[in-house]
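Heads up: the structure comes next, in structure tokens.
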There are 4 protein chains.
Amino acid sequence: MKKVPSSIKDEKLIKMRRDQMIKGAVALFKEKGFHKTTTREIAKASGFSIGTLYEYIRTKEDVLFLVCDFIYEHVKERMEDAIDMNDTNSHSLKGAIQSYFQLMDEMQDEVVVMYQEVKSLSKEAQEYVLKKERDMLNLLEHVIRHSLPEPLSDLDIELIANNIFVQGQMWGFRRWMLHKHFTIESYTERQMHFLFQGLPIPEKA
Amino acid sequence: MKKVPSSIKDEKLIKMRRDQMIKGAVALFKEKGFHKTTTREIAKASGFSIGTLYEYIRTKEDVLFLVCDFIYEHVKERMEDAIDMNDTNSHSLKGAIQSYFQLMDEMQDEVVVMYQEVKSLSKEAQEYVLKKERDMLNLLEHVIRHSLPEPLSDLDIELIANNIFVQGQMWGFRRWMLHKHFTIESYTERQMHFLFQGLPIPEKA
Amino acid sequence: MKKVPSSIKDEKLIKMRRDQMIKGAVALFKEKGFHKTTTREIAKASGFSIGTLYEYIRTKEDVLFLVCDFIYEHVKERMEDAIDMNDTNSHSLKGAIQSYFQLMDEMQDEVVVMYQEVKSLSKEAQEYVLKKERDMLNLLEHVIRHSLPEPLSDLDIELIANNIFVQGQMWGFRRWMLHKHFTIESYTERQMHFLFQGLPIPEKA
Amino acid sequence: MKKVPSSIKDEKLIKMRRDQMIKGAVALFKEKGFHKTTTREIAKASGFSIGTLYEYIRTKEDVLFLVCDFIYEHVKERMEDAIDMNDTNSHSLKGAIQSYFQLMDEMQDEVVVMYQEVKSLSKEAQEYVLKKERDMLNLLEHVIRHSLPEPLSDLDIELIANNIFVQGQMWGFRRWMLHKHFTIESYTERQMHFLFQGLPIPEKA
DNA sequence: AATGAATGAGGTTTCATTCAT
DNA sequence: GATGAATGAAACCTCATTCAT
């Protein structure tokens with residue numbers, strides 16, 4: 001759990017400075033991507049000098065890790081808040097999807113950044129971060145499992161969870177396509193419709 | 001749409017050299033990403049010298065463009081072959097999905113590369129490439145429109161086309177998750193099942 | 001000869017802190033050399049903070065000076081103790097050599113450090129420190145001059161003094177070679193043997 | 001034996017450029033030491049750009065290695081030339097010493113540089129270079145062994161070889177002291193005198 | 001007197017691109 | 001047409017030093 005060492009002792013300060021850093025870095029990464037962003041730009045956007053930046057991280061990759069970790073953690077927390085694990089009520093799946101899609105709408109930029117840049121992390125860091133994605137999928141799977149009248153196989157549950165997860169992200173990374181004709185509300189409504197309804201069956205298939 | 005000038009006259013040679021280049025580059029980009037791959041590595045993997053590489057492109061970004069363009073073009077062509085635009089038969093949607101998923105399985109590496117690196121292209125190049133994505137979606141939309149017994153709204157058609165498109169790509173870029181429990185055949189079957197069937201409805205929703 | 005100013009008033013404290021500093025620094029310099037040792041490491045090894053370090057010195061080079069000066073001073077003092085300037089007894093040269101070699105054995109690390117790093121001092125500091133080397137040589141020269149039955153020329157005396165001086169240091173800086181087959185005692189004995197005896201003369205030379 | 005890889009293919013060119021490099025670097029190292037010399041200065045002194053420098057080495061330490069290796073190799077070769085291994089004639093030791101001291105006089109700067117900076121090499125490189133020192137000592141030992149009328153113990157031979165070796169270097173690294181009153185000729189003559197003659201014995205010791 | 005966070009000049013190294021052969 | 005040596009801007013990172021607390 002201990003990650004990204006710093007030469008600064010004051011933990012409060014570390015948190016504060018790193019928050020500044022993440023904020024600045026997300027903005028830059030969104031605009032030009034991780035690789036085209038220089039450490040000096042990150043320092044500047046964070047409001048301190050290059051020397052200070054390196055008091056709080058060891059390498060440029062640490063910044064990316066901090067950013068990814070922050071986003072994943074944030075999304076995960078919000079999902080946990082939105083989903084009542086004890087509520088097996090049948091509405092809960094719809095509610096969960098709605099909350100999740102809403103969140104994806106709010107965090108579009110972050111999600112797109114994260115989405116494109118995780119591959120630049122070291123294998124180790126990637127695994128650490130992906131663990132949180134797994135957690136979120138488990139959450140979704142749990143809701144799916146307990147919200148449906150008829151039980152689904154574990155495989156089907158996994159598939160549906162993945163579909164929902166990706167459809168949430170789609171709203172962000174295919175915005176150039178989807179935002180032309182949809183609002184997040186209409187998008188949510190239609191996706192939900194087809195999720196439950198399916199397509200009109202061709203023939204007797 | 002003349003793109004990527006070369007100082008070489010012989011068009012045949014250009015095509016040949018660029019094919020070598022694309023093949024080498026895809027392998028490298030898959031492994032380490034566009035930014036971490038050097039032009040020298042590309043030249044080496046392509047089987048010629050750095051000097052020769054630059055006889056066939058102007059900048060490193062040209063390589064990326066060539067790669068993306070090639071992949072999109074290839075996928076597009078294969079989809080056009082697979083889909084008979086005149087066949088309004090009701091089975092055609094299923095057939096199209098099957099062909100497309102099959103293709104995505106074969107071209108996993110290419111698709112993942114393309115998927116991660118398009119954002120590194122210039123806005124202009126991105127638009128050029130994305131145009132081909134638009135074409136593919138149109139293809140899917142056409143099939144959807146003409147395969148279903150009941151007509152869907154244009155918006156719904158667009159949404160479904162996007163869903164199918166992304167679910168095909170998912171098979172590649174979420175392989176770490178999906179390939180554990182699915183083969184491309186079972187994946188296709190279950191996705192198709194839920195596409196038409198939907199989930200068991202909770203309540204009377 | 002007031003050297004290395006400090007912003008601290010309490011002279012006792014200065015001496016104490018600087019002793020800590022020298023001890024820590026010698027260990028570090030021995031291990032990684034002056035240039036690869038950071039001021040922060042010196043502070044840490046000395047048991048106080050970087051801020052405090054700079055209360056007792058002005059620049060990093062001051063630390064090196066303090067170290068070199070300390071070592072030279074220490075060696076010089078010990079040599080002065082060992083050599084009774086009034087004792088013109090013929091044994092005194094052997095005694096002096098013995099004491100000096102013994103000292104060089106005890107202070108190997110320090111001598112090696114000093115030996116390698118003096119050149120990193122400013123010309124001015126170098127001269128100051130080398131002055132003490134001159135003093136030690138004078139000491140040796142004095143003993144040589146007054147211990148031999150037949151008088152030697154000044155030049156010869158200087159040469160012999162230098163030889164002895166360097167042979168003492170050799171024990172430290174060529175330890176990888178000499179310590180394999182010698183102890184300080186056998187080394188002293190053999191060196192002394194050849195110093196007085198010379199080699200078996202080839203021919204009638 | 002293969003050491004210090006280069007991205008240049010033309011071996012002739014590598015040799016040429018590295019010779020330029022060594023020449024430039026020795027001058028700089030002599031003046032300011034390895035650590036205070038920047039790679040850009042080395043490039044400039046070598047007569048090419050910083051980019052070119054790095055085509056012929058991987059790291060700054062490689063330059064130091066090249067320099068040390070060159071010097072050791074050069075000295076070794078010259079010693080091998082000077083010493084006829086088959087000549088067991090009694091004069092050979094004197095001749096060898098004379099040649100060696102002469103060489104040390106010519107290569108003063110190089111020897112001093114090498115002497116001070118070997119410690120900055122990696123352990124591995126140090127061992128590689130020190131191997132050559134061992135070879136030179138063996139050479140000296142051989143001559144000593146075969147030039148003396150009375151046989152010496154192996155230990156004594158080793159000791160004498162070391163003494164001669166260091167006395168040669170002394171002429172360079174203690175020049176501030178020795179060059180005041182000696183020329184290389186008189187230095188050689190007196191050192192040789194005491195080597196064979198020893199000191200006038202105090203008492204009957 | 002002691003601390004340690006902040007600074008930024010400057011060091012090492014990489015790599016896209018050019019051009020003479 | 002092909003080659004690969006040369007270039008230098010620019011990237012990442014370090015660390016001696018300062019100064020407010």
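Chain identifiers are assigned alphabetically (A, B, ...) following the order of the sequence lines, protein sequences preceding nucleic acid strands; residue numbering begins at 1 within each chain. As the structure is a prediction and not an experimental result, all values here were calculated from the model.
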* To do: Using heavy atoms to find the nearest nucleotide of DNA chain E for C/G47 and A/R17 separately, return the residue whose nucleotide is more 5′.
  => C/G47
* Asked: Looking only at side-chain N and O atoms, does A/R40 come under 4.0 Å of OP1 or OP2 in F/dA10?
  -> no
* Roughly, in whole Å, what's the span from NZ in C/K36 to P in E/dG11? -> 17 Å
* Asked: If you check the C/I8 side chain, which of F/dG4, E/dC15, E/dA1 turns out closest?
  -> E/dA1
* Rounded distance (Å) that lies between atom C1' of F/dG4 and atom CD1 of D/I14 -> 12 Å
* To do: Take the protein atom NZ of D/K12 and the nucleotide atom P of F/dA5, then report the distance between them rounded to whole Å.
  => 15 Å
* Structure fact -> The single option from A/R17, A/K15, A/K23 that satisfies salt bridge (charged side-chain N to carboxylate O under 4.0 Å, His left out) with A/D19 is A/K15
* Please determine, for E/dT21, whether a Watson-Crick or G-U wobble partner exists with both distances under 3.5 Å, and give it or none. => F/dA2
* Does E/dT14 pair with anything, Watson-Crick or G-U wobble, both distances under 3.5 Å, and if so, with which nucleotide? -> F/dA9
* Structure fact -> Ranking C/T37 and A/T59 by the position along DNA chain F of their nearest nucleotide, the one closer to 5' is A/T59
* Integer-rounded Å distance: E/dT14 C1' and D/L53 CG -> 13 Å
* Hunt down the Watson-Crick or G-U wobble partner of F/dC15, both distances under 3.5 Å, from any strand shown, or write none. => E/dG8
* Can a cation-pi geometry be assigned to D/K60 and D/F34, taking NZ or CZ under 6.0 Å from the six-membered ring centre and within 45° of the ring axis? -> yes
* Asked: Looking across every strand, which nucleic acid part, if any, lies under 4.0 Å from C/S49 by heavy atom: base, sugar-phosphate, or nothing?
  -> base
* **Base-pairing mate for E/dA1 - Watson-Crick or G-U, with both contacts under 3.5 Å** => none
* Asked: Nearest to the side chain of D/T39, which nucleotide is it out of E/dT12, F/dG4, F/dC15?
  -> E/dT12
* Send over the distance from D/L13 CG to F/dG4 C1', rounded to a whole Å. => 10 Å
* Between C1' of F/dA11 and NZ of A/K32, the distance in whole Å -> 12 Å
* To do: For E/dA2, take OP1 and OP2 only and decide whether either is under 4.0 Å from a side-chain N or O of C/T52.
  => no
* To do: State whether D/R58 places a side-chain N or O below 4.0 Å from either non-bridging phosphate oxygen (OP1 or OP2) of E/dT12.
  => no
* D/G51 or A/K9, whichever maps to the more 5' nucleotide of DNA chain E -> A/K9
* Asked: Mind checking whether C/F173 and D/Y115 have parallel, tilted or perpendicular rings, split at 30° and 60°?
  -> perpendicular
* Asked: What is the distance from CD1 of D/I57 to P of F/dA5, rounded to the nearest Å?
  -> 16 Å
* Would you say C/E55's side chain and C/S7's backbone share a donor-acceptor pair under 3.5 angstrom? -> no
* Which nucleotide in the set F/dA6, F/dT17, E/dT3 lies at the smallest distance from any side-chain heavy atom of D/Y56? -> F/dA6
* D/D10 CG - F/dA6 C1' separation (whole Å) -> 14 Å
* **Residue whose closest nucleotide on DNA chain F lies nearer the 5' end, A/I50 versus C/Y54** => A/I50
* Can any side-chain N or O of C/S46 pair as donor or acceptor with the backbone N or O of C/F48 at less than 3.5 Å? -> no
* Is D/R18 reaching over with its side chain to a backbone N or O of D/Y56, donor-acceptor style, under 3.5 angstrom? -> yes
* Structure fact -> Regarding the side chain of C/K60, the nearest nucleotide among F/dT17, E/dA2, E/dA6 is F/dT17
